[in-house]
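For the numbers below, each heavy atom of this structure counts, side chains included, while hydrogens, waters and symmetry mates do not.
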Amino acid sequence: MGIYWEYIDKKMSFDDITKERKRMLEKISSIRGRDIIVYTADFSKGRAPISLSYDDLVPFYDQLSNLNNNKVDIILETPGGSGEVAEDIVKTLRNKFEDIAVIIPGWAKSAGTIISMACDDILMDSTSALGPIDAQISWQGKTFSADALIKGFEKIKSEVDEKQRLNQAYIPILQGISPGELESAQNSLDFAIDLVTDWLVTYKFKDWNIHSKTGEEVRDEEKIARAQEIAAELCNNEKWKTHGRSLRINDLEELKLKITNYEEQEELNDAIKRYNALMRMTFDSNIYKMIETINSQIYRFFNENINSAPIPQKNDSHEHIFVDLKCKCGYTNKIQVNFKSKQQPEKGYKLINDDGTVECENCSNQMDVTRMIREIESQTKKKVIL
C-alpha cells in the first residue's frame, strides 16, 4: 500500500491530517537537526492566485519569526511567480540564517528554482523537479518567454542583414513592439541570470574548493564561469522549449549542479514523502497556499467548489450548518452538516452518508463530498460528524 492511499484509507478529518502533518514536519526537522519552514501552493487550483507574490511576504516573515536556529530547511512547492519577491525572500533568509537548504518534494518552478539556486544544498528525489527561469512577459495579450522574443527578433535582424531586405510578413510584428519593450525583456532575462550567477558563486559553490577529478584548487574565476553557464542554460528557452518543463536530478546534474537525493536516506525519505502526501490531502480543500512551521501555520483560502450558507468561524454555539451542494445534473441538494453529534436533519435537508457521499435527490448520482468536508473543517476548526 502506498503512503497516500494509507492515509486516505484512514478517512482522516482535517484536524487529524493537520496533527499528522505537523508530526512529520517535526520529524524532518529532528532528522536534519535544523529549523524548518514550508512555503507551498496547490498547482491544481489554477484559478486561485497560486503564484509567488508580494502578498506572501508578510505571512512568510511572520512564520519565519518563529525560528531561532542558524540553519534552516525550506520545503518549497510553487509554480513560480515574481522574481523580485523571490529575491526579497532570499535576502531575508540570508540575513537570518548561516546555512539554508531547500527540500523539493514535488515541483519548484521558475521563481522557485531561482530561490533554490540561493541555497547551500538542494534536496530532491527522483520525481522532484525544478524548471527553466527564462522570464515570462506579456505582449499583445499573450504570455511567453522573454528569451524566445529576443531570439526571434535577432533572427529577423540576421535575415535582413543576409538578404538586405525585410520580409513583408514581419512588418506587423515589428510595428507591435517598441525598442523599450525589447529592452525590458532583455532586462528581465538579465535579472534572473545575474541573481542566479551571484547566488551560486556566493552560496552553492562556497565549499567547492577542490576539483574532484584533478585535485586542483578551484579558482574564483572558475566558480563564476560555472555559475554563468548554469544560469544561461536555465534561461535557454531554445533548449527547454517550454517554461513549464520539469528539470529532474539528472537534468540538473548534466548542468553540473550538485543535488542531494534524499531517497538515499531511508528515514528522511519516508518522512518527506509522508509530509508531501499530507500536504496534498490538506490541499484537498479550498486551501490554495500554506506557509507553516512546526508550531504554527497560515492558510490561504479560495472559494470556488461549493455553494454554502455562510460558514461560522470558531463559533462553538453552532451544532450544524447548511450547505447547498450542486450535482452535475444541475439540481441543488440541501445538506445539513453536523458538528457536535449526529442530529436528525431539519425539514428539507439531508445528511452526508457515513462513507462521505451524498445521493442526489434528482438523478441518484453518488457525490463524493470528502473535499467539501475538509473545506468546512479547515474553516470552522470543527470535526464534521457523519
Side-chain angles (χ1 to χ4, degrees), residues 52 73-81 83 86-87 89-90 93-94 99-136 144-148 150-151 186 188-264:
L52 190 67
D73 288 340
I74 173 170
I75 294 180
L76 186 61
E77 173 106 353
T78 177
E87 182 184 26
I89 286 175
V90 167
L93 287 169
R94 281 296 168 188
D99 189 285
I100 303 168
V102 63
I103 299 174
I104 315 291
W107 310 278
K109 300 296 185 71
S110 193
T113 299
I114 291 176
I115 291 173
S116 300
M117 295 299 113
C119 296
D120 300 274
D121 195 9
I122 301 172
L123 286 76
M124 301 171 64
D125 72 6
S126 56
T127 65
S128 306
L130 300 181
I133 61 171
D134 53 313
Q136 300 299 286
F144 51 88
S145 168
D147 184 56
I150 292 167
K151 286 180 178 176
Q186 184 63 60
S188 296
L189 275 180
D190 292 343
F191 175 72
I193 290 174
D194 290 348
L195 281 183
V196 169
T197 299
D198 180 50
W199 288 344
L200 284 174
V201 171
T202 306
Y203 306 118
K204 192 78 172 74
F205 295 167
K206 75 176 189 300
D207 295 324
W208 179 39
N209 299 314
I210 301 296
H211 285 286
S212 58
K213 291 183 179 179
T214 64
E216 295 180 357
E217 184 178 347
V218 178
R219 304 190 312 275
D220 289 343
E221 308 87 79
E222 291 178 299
K223 292 183 180 183
I224 294 170
R226 174 72 60 83
Q228 288 173 336
E229 289 171 9
I230 292 170
E233 284 293 271
L234 288 173
C235 269
N236 189 351
N237 179 263
E238 193 171 13
K239 176 183 178 70
W240 307 115
K241 310 301 182 187
T242 170
H243 188 66
R245 190 80 173 267
S246 289
L247 308 184
R248 305 194 184 278
I249 290 178
N250 289 344
D251 300 307
L252 298 167
E253 288 179 340
E254 285 179 5
L255 297 180
K256 298 182 180 179
L257 262 173
K258 185 178 179 181
I259 306 295
T260 298
N261 187 341
Y262 61 74
E263 287 178 316
E264 296 172 357

Search all heavy atoms of Asp125 against all heavy atoms of Ile249 and return the closest pair with its distance.
O-CD1, 3.5 Å

Please tell me if the side chains of Leu123 and Val102 come closer than 4.5 Å, counting only heavy atoms from C-beta onward.
no

Between Asp134 and His243, does the side-chain hydrogen bond (donor to acceptor under 3.5 Å, both in side chains) criterion hold? Intermediate values first, please.
CA-CA 7 Å; Asp134 53 313; His243 188 66; 2.9 Å; yes

From CA spacing to verdict: side chain to side chain contact (heavy atoms under 4.5 Å, CB included), Lys223, Val218:
CA-CA 7 Å; Lys223 292 183 180 183; Val218 178; 3.8 Å; yes

Only counting residues at least two apart or in another chain, list the ones meeting salt bridge (Lys or Arg N to Asp or Glu O under 4.0 Å) with Arg94.
Asp120

Just to verify, what does Lys258 make a side chain to side chain contact (heavy atoms under 4.5 Å, CB included) with, not counting sequence neighbours?
Lys204

Which atom names give the shortest non-hydrogen contact between Glu217 and Ile210, and what distance separates them?
CA-CD1, 4.1 Å

First locate atom NZ of Lys109, then atom CD1 of Ile114, and finally report the distance between them rounded to the nearest 0.5 Å.
14.0 Å

side-chain hydrogen bond (donor to acceptor under 3.5 Å, both in side chains) between Asn250 and Glu254, worked out
CA-CA 6 Å; Asn250 289 344; Glu254 285 179 5; over 6 Å; no

Does a sphere of radius 6.0 Å around CD in Glu222 hold more than 12 heavy atoms from other residues, nucleotides or ligands, not counting ones at 6.0 Å or beyond?
yes

Using only atom types and a distance under 3.5 Å, with no angle test, would you say the side chain of Arg245 pairs donor to acceptor with the backbone of Gly131?
no

Look up atom SG in Cys119 and atom CD1 in Ile103, then write down how far apart they are to the nearest 0.5 Å.
10.0 Å

Tightest non-hydrogen contact, residues Ala86 and Trp199, listed as O-CH2, 4.3 Å

